[in-house]
Amino acid sequence: MQTACHLRPFFYCRDRSRYVEPGAFSKSNPIVSSRRLDRRLALTGGPQFFKFYIPLQQTRSLVLANTDDGHPSASLCEEETTNTNHTPTQEPEKLFSKWSPPRYLWKGLSVFVLTGQVIIRTLKGKVHWRNTLQQLERVGPKSVGVCLLTSAFVGMAFTIQFVREFTRLGLNRSIGGVLALAFSRELSPVITAIVIAGRIGSAFAAELGTMQISEQTDTLRVLGANPVDYLVTPRVIATCIALPILTLMCFTLGLASSALLADGVYGISINIILDSAQRALKSWDIISAMIKSQVFGLIISTVSCAWGVTTLDGAKGVGESTTSAVVISLVGIFIADFALSCCFFQGAGDSLKNCV
């Protein structure tokens, strides 16, 4: 499109009583200054005409297809007249016209949106079960080793602290109960969730971020598949199923390693440790650990997937999304652990009264 500015002659005549043909201005200069104009008017008594150019309207040339012969035809459309003073026109700015929400804000909102979509799609039965089984194998069996190893050493470290202090107080029969309550209520769910967030959450964010950057998610939409059903929902379901099982296994191994360390180093019998743990534990302690694990799994999977599918800025954005996903998942785990502990365990407890 080309924009053309048309000019038309403007005639100035000092003596308006006489009429002169428009061609009379051809011998004079088109543009003269005010002093030169006054001199000429003073010397010559006859009428003189001067030609000035003023801008008219600004038009835009559009090319439209002619339906008769197939050749394009040009047309002109008038626009608003140009500003003769050449001063820029300033339009009043609207409120929040240049404001854009921070990236972390709309990423945080995408977590809730994605969680709602996963719940709705799961209730409707639109789940890719083959992909779910693959993710379940990845989250569960392939993560057992690192989870059990971490839980065993954390259990032995806590055993050293408890045994040293409780032995001086003569409370050897309470060591097993304290360890069992600590592992079932707090340590096993939180430790397992931290390991899964570092190993699986980072992988989810990196994979989905790479797929988003390389436009593979758009390819799924073109093929008629919903990315939430194929990518997000299987990962969320697999994490929520595998994490409680891993927590139960970590609790068992952590308590066993604590009993072996207490028997081998400090001379406290394994039977005393296990009997004290059996007296202190209740069924609600195990159930609360399972509930916490499912909530932690939901937080890890949804945050990681949301940060992955909202990745921008190429390879650099993938790294930033992976790091942010792990950090936000850990913060969410600690906040959820505090909230659930306040809900599940209120008031004075009496779990250790049978262990003394």
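These numbers come from the heavy atoms of this one structure, side chains and all, not from hydrogens, waters or symmetry mates.
Summarising the geometry of Trp307 relative to Ser324, their closest heavy-atom pair is NE1-CB, 3.2 Å, with the distance given to 0.1 Å. Closest approach of Val303 to Ser329, counting heavy atoms only: CG1-OG, 3.6 Å. Scanning all heavy atoms of the two residues, the minimum distance from Ser188 to Cys250 falls at OG-C, 4.0 Å. When all heavy atoms of Asp229 and Pro234 are compared, the pair lying nearest together is O-CD, 3.2 Å. Ile196 approaches Ser143 most closely through the heavy-atom pair CD1-CB, 3.8 Å. Across every non-hydrogen atom of Val127 and Thr122, the tightest pair is CG2-CA, 4.1 Å.
By the 4.5 Å heavy-atom criterion applied to side chains, Arg121 and Asn226 are counted as neighbours. Between Asp263 and Ile268, the closest side-chain pair of non-hydrogen atoms is not below 4.5 Å. Looking at heavy atoms from C-beta onward, His128 lies out of side-chain contact with Gln134 at the 4.5 angstrom threshold. In this structure, Thr192 and Phe251 have side chains that are not in contact, with every pair of non-hydrogen atoms separated by 4.5 Å or more. Residues Thr217 and Val309 form no side-chain contact, since every pair of their non-hydrogen atoms from C-beta on lies 4.5 Å or further apart. Proximity of Leu231 to Leu220: side-chain heavy atoms (C-beta onward) are separated by under 4.5 Å at one or more points.
The closest side-chain donor-acceptor pair between Thr311 and Ser321 falls under 3.5 angstrom. Thr239 and Ser301 form no side-chain donor-acceptor contact under 3.5 Å, judged by distance and modelled atom types alone. In the model, Ser341 has a side-chain atom that pairs as donor or acceptor with a side-chain atom of Lys292 under 3.5 Å. A donor-acceptor contact closer than 3.5 angstrom is absent between the side chains of Ser276 and Arg173.
Interatomic distance, CG of Leu260 versus OG1 of Thr159, reported as 9.5 Å (0.5 Å rounding). Between the CG atom of Leu246 and the SG atom of Cys147 there is a distance of 5.0 Å, given to the nearest 0.5 Å. With rounding to the nearest 0.5 angstrom, the OH atom of Tyr266 is 8.0 Å from the OG1 atom of Thr167. Here the straight-line distance linking atom OG of Ser258 with atom CG of Leu187 works out to 9.0 Å at 0.5 Å rounding. Interatomic distance, CZ of Phe334 versus CD1 of Ile299, reported as 11.0 Å (0.5 Å rounding). Note that the CE atom of Met156 and the CD atom of Gln161 stand 13.5 Å from one another [nearest 0.5 Å].
Note on Leu312: it does not cluster hydrophobically with Leu114, by side-chain heavy-atom contacts below 4.5 Å among ILVMFWY residues. Clustering ILVMFWY residues whenever any of their side-chain heavy atoms sit less than 4.5 angstrom apart, transitively, puts Val146 in a cluster other than the one holding Leu148. Residue Leu253 is not grouped with residue Leu255 when hydrophobic side chains (ILVMFWY) are merged at heavy-atom distances under 4.5 angstrom, including chains of intermediate members. When the side chains of ILVMFWY residues are joined at heavy-atom separations under 4.5 Å, either directly or via intervening members, Met211 and Ile200 end up in two distinct hydrophobic clusters. A single hydrophobic cluster is not seen to contain both Val232 and Val318; linkage of ILVMFWY side chains at heavy-atom distances under 4.5 Å, directly or through other members, places them apart.
When each of Leu248, Val295, Leu243 is tested with Met290 by the rule side chain to side chain contact (heavy atoms under 4.5 Å, CB included), just one qualifies, namely Leu248.
Within 6.0 Å of the CZ atom in Phe158, the count of heavy atoms belonging to other residues, nucleotides or ligands does not exceed 12.
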Could you give me the CA-CA distance, side-chain angles and deciding distance for Gln135 and Ile237, then say whether side chain to side chain contact (heavy atoms under 4.5 Å, CB included) is met?
-> CA-CA 9 Å; Gln135 297 298 328; Ile237 294 177; over 6 Å; no
List the steps and the verdict of side chain to side chain contact (heavy atoms under 4.5 Å, CB included) for Asp337 and Phe296.
-> CA-CA 8 Å; Asp337 180 54; Phe296 295 161; 3.7 Å; yes
Side chain to side chain contact (heavy atoms under 4.5 Å, CB included) between Gln278 and Leu274, worked out = CA-CA 6 Å; Gln278 182 180 1; Leu274 296 180; over 6 Å; no
Show your working on side chain to side chain contact (heavy atoms under 4.5 Å, CB included) between Ser269 and Ile272 and close with a plain yes or no.
-> CA-CA 5 Å; Ser269 175; Ile272 295 177; 4.0 Å; yes
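Side-chain atoms of Ser304 never come within 3.5 Å of backbone atoms of Ser202 as a donor-acceptor pair (strictly under, hydrogens ignored). With hydrogens and angles ignored, the 3.5 Å screen pairs a side-chain donor or acceptor of Ser257 with a backbone N or O of Gly254. Looking only at distances, a side-chain donor or acceptor of Asp285 sits under 3.5 Å from a matching main-chain atom of Lys282.
A salt bridge is defined here as a Lys NZ or Arg NE, NH1 or NH2 lying under 4.0 Å from an Asp or Glu carboxylate O, and Glu137 with Arg130 fails to meet this definition. Here Glu215 does not pair with Arg221 in a salt bridge; the nearest charged N to carboxylate O distance is not below 4.0 Å.
Screening residues 177-228 for ring-ring contact (aromatic ring centres under 6.0 Å, His included) gives no qualifying pairs among residues at least two apart or on separate chains.
Grouped with Ile120 in a hydrophobic cluster is no other residue, since no side-chain heavy-atom contact under 4.5 Å to another Ile, Leu, Val, Met, Phe, Trp or Tyr is found.
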